[in-house]
Amino acid sequence: MQDTVLRAFFVALVTLLGVLPATTVQAQSTGGLRFSGYGTLGYVQDNRNDIVAIRDVSQRPDSNMGSGTWQRDSRLGIQAEYRVSPVVDLVAQAVFRDQVSTHATHAIELAYAGFKPTPQLDVRVGRVGYDAFLMSDIRNVGYAYPWVRPFTEYYGWIPLFSVDGADIAYLIPQGDAQWRLKAQAGRSGLGIPIGDSKLDVKADDLVTLTVSRRTGPWEAKLGYSSFTNRNEVAPGGGGGLAALQQGLDTIATATASLAPAISSEATDLRRQLSFKNAHMNYVTLGAVYDDGHLLIQGELARTTSSHKVVPHGTMGYVAIGYRTGDWTPFMAVSATRPGNGLRSAKADWSVIGQSATQATAIAVLNSTRMDQKTLSFGTRWDFQERAALKVQWDITRIDPHGYGLVFKDPALETRRSSMNQLTLTLDFLF
Amino acid sequence: MKRFRLLLALLLFPCWAALSDPARADVFVVVHRDSPLRELTPSQVSDLYLGRSRSLPGSEAILVIERGQDSSLRASFFRLLNGMSLKQINAYWARLQFSGQVLPPPNFGDSKLLLAAIRSNRLAIGYIDASEADDSVSVVLRLRDTQ
């Protein structure tokens with residue numbers, strides 16, 4: 001029902017933007033209808049034929065391991081804006097990028113009506129950008145940052161891009177500084193590949209609170225976000241995950257009286273392997289120093305999940321760059337550590353002939369842990385007013401049982417791996 | 001290996017960028033003659049044009065008016081105001097605009113249209129080449145080009 005209402009809202013907004021008069025000189029005085037956009041054409045090549053990195057968890061890479069790809073970073077965003085009055089705006093944005101979801105509405109990143117009742121207050125209703133981290137609402141806009149992509153260790157695992165609901169922001173001037181308080185509430189959805197099928201994440205009860213402070217070249221942002229996923233992998237899907245869940249249920253029930261230790265472990269494994277009703281909490285802290293030449297940016301986050309199969313942990317990065325003319329060379333270090341320890345067997349399931357089921361359940365649980373670090377070097381070259389070329393070299397090390405952010409040959413699970421990636425992008429505005 | 005050669009060739013692709021130097025000119029920031037704004041600091045004007053504030057102490061919401069996106073006047077304005085280049089400004093505004101946080105101000109390429117808009121709106125603010133200023137508007141900030 002809510003999806004139907006949402007779809008109707010998008011159609012109405014896009015239709016409204018479509019029938020509004022084209023921009024004219026007169027319209028420019030109040031803003032009028034404007035179309036604009038951004039894009040990235042990116043090519044990435046790595047040196048591994050048994051690992052494929054992703055930009056974010058919504059992607060399932062094509063199967064050609066060992067070859068380069070245009071899919072990972074290339075994207076195109078188109079935005080329509082209509083300024084109804086000085087205090088009311090309508091905005092819609094569609095982004096065409098590689099993602100496993102085929103839902104048309106997942107290509108819509110923004111579709112909202114914005115109100116500015118006072119100079120300090122902003123209210124937006126509709127689909128708005130997810131705004132918990134420093135860069136979470138501009139992850140697709142490569143032209144807006146120096147590096148080729150938001151650092152995968154920090155941003156790659158976030159299953160949210162936009163929020164269907166509302167947000168409210170209040171600006172508080174304090175001398176030369178500005179405080180910004182923002183609250184966001186609603187729901188969100190995104191497709192995530194699981195095995196050969198996908199999980200349609202349905203994030204309900206989504207609440208995000210942020211406090212930002214800007215003064216001179218400094219900006220800091222503290223954020224908190226929480227939500228609960230209401231969907232499970234479809235029966236028969238998830239690369240056998242649904243069948244595994246069903247098998248654990250059966251074992252838990254069948255052994256309840258005869259082998260309570262096995263029943264207890266099966267019950268816990270079943271719960272930890274469930275995406276449904278997994279509750280997530282994110283706490284984030286970010287800071288930027290940008291004096292026009294020197295750029296230093298860093299973020300630190302701690303995330304928790306009620307169900308261990310959902311990737312979570314502690315992650316952060318620090319990036320430093322220096323603008324000199326049209327060039328911005330930079331380097332960065334980013335890392336993520338898993339929030340859940342390595343799971344091992346507790347009871348002996350061989351007595352019921354289900355050792356393989358136990359081993360599979362534990363292996364699946366351990367396979368979503370994220371334990372990797374990347375050292376990045378690169379440069380951005382602003383060769384035109386609205387276009388920039390970037391090149392970046394990433395050296396990534398993945399620790400055993402820490403492959404949650406890549407697709408890999410299963411044989412690598414217990415080994416340490418390193419990977420080099422070279423990425424070249426053209427980022428532009430239009 | 002061939003792909004790495006291709007990437008290297010792209011990296012060394014000849015630069016066709018125009019190495020244009022922004023035109024040198026004084027820029028005046030102007031408002032309606034009856035505007036409550038009398039004199040502004042570069043920091044206050046910078047906050048308005050970077051979308052960081054929509055009002056100033058003692059004023060209502062201000063209508064900020066921009067100039068042609070890639071014009072030399074706009075380049076001079078930001079260079080003199082806060083030292084930012086057009087490329088930095090474009091990247092900065094891409095972040096605000098495409099996150100939906102702040103929409104870019106309306107813009108006028110023509111100074112006559114800009115002055116007419118300022119004269120018709122008591123809360124509008126804009127900027128012009130100093131040589132185009134007249135007494136139909138009030139100057140609240142003079143940005144002198146000393147280079």
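These numbers come from the heavy atoms of this one structure, side chains and all, not from hydrogens, waters or symmetry mates. Each chain gets a letter, A, B and so on, in the order the sequences are listed, and its residues count up from 1.
With a threshold of 4.5 angstrom between heavy atoms, A/Arg180 approaches chain B through side-chain atoms but not through N, CA, C or O. With a 4.5 Å cut-off on non-hydrogen atoms, A/Glu109 does not touch chain B at all. Both the backbone and the side chain of B/Asn90 come within contact range of chain A, each with at least one heavy atom under 4.5 Å from a heavy atom of that chain. When heavy atoms are compared at a cutoff of 4.5 Å, A/Ile78 does not approach chain B at all. Neither the backbone nor the side chain of A/Thr328 comes within less than 4.5 Å of any heavy atom of chain B. For B/Pro104, the parts lying near chain A are the backbone and the side chain together; criterion is any non-hydrogen pair under 4.5 Å.
From B/Lys87, atom NZ reaches atom OH of A/Tyr143 across 8.0 Å, with rounding to the nearest 0.5 Å. Once rounded to the nearest 0.5 Å, the distance linking CD of B/Gln97 with CD of A/Gln93 reads 9.0 Å. Put simply, CD on A/Gln79 and OG on B/Ser99 are 8.5 Å apart, with the number rounded to the nearest 0.5 Å. The structure places OG of B/Ser53 at 9.0 Å from CD of A/Gln120, a figure rounded to the nearest 0.5 Å. The CZ atom of B/Phe98 sits 13.0 Å away from the CG atom of A/Asp137 when rounded to the nearest 0.5 Å. Interatomic distance, A/Asp290 CG to B/Met84 CE, rounded to the nearest 0.5 Å: 7.5 Å.
Closest heavy-atom contact between A/Arg83 and B/Pro106: NH1-CD, 3.0 Å.
By the 4.0 Å N-to-carboxylate-O rule, B/Arg54 lies close enough to A/Asp122 to be salt-bridged with it. Salt-bridge check for A/Arg386 with B/Asp70: passed, with a basic side-chain N closer than 4.0 Å to an acidic carboxylate O.
Residues B/Val102 and A/Lys116 are not in side-chain contact: their nearest non-hydrogen atoms beyond the backbone lie 4.5 Å or more apart. Side-chain atoms of A/Asp131 and B/Gln101, non-hydrogen and from C-beta on, do get closer than 4.5 Å to each other.
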Contacts table for residues 170-178 of chain A: side-chain donor-acceptor under 3.5 angstrom, sequence neighbours left out:
| unit_1 | atom_1 | unit_2 | atom_2 | d |
| --- | --- | --- | --- | --- |
| A/Gln174 | OE1 | A/Trp179 | NE1 | 2.9 |
| A/Gln178 | NE2 | B/Arg52 | O | 2.8 |

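Put simply, the side chain of A/Tyr112 gets close to the backbone of B/Gly100: a donor and an acceptor are under 3.5 Å apart.
With 3.5 Å as the limit, one finds no donor-acceptor pair spanning the side chains of A/Glu385 and B/Gln69.
Summarising the local packing, CD of B/Glu132 is surrounded by more than 12 heavy atoms from other residues, nucleotides or ligands at distances under 6.0 Å.
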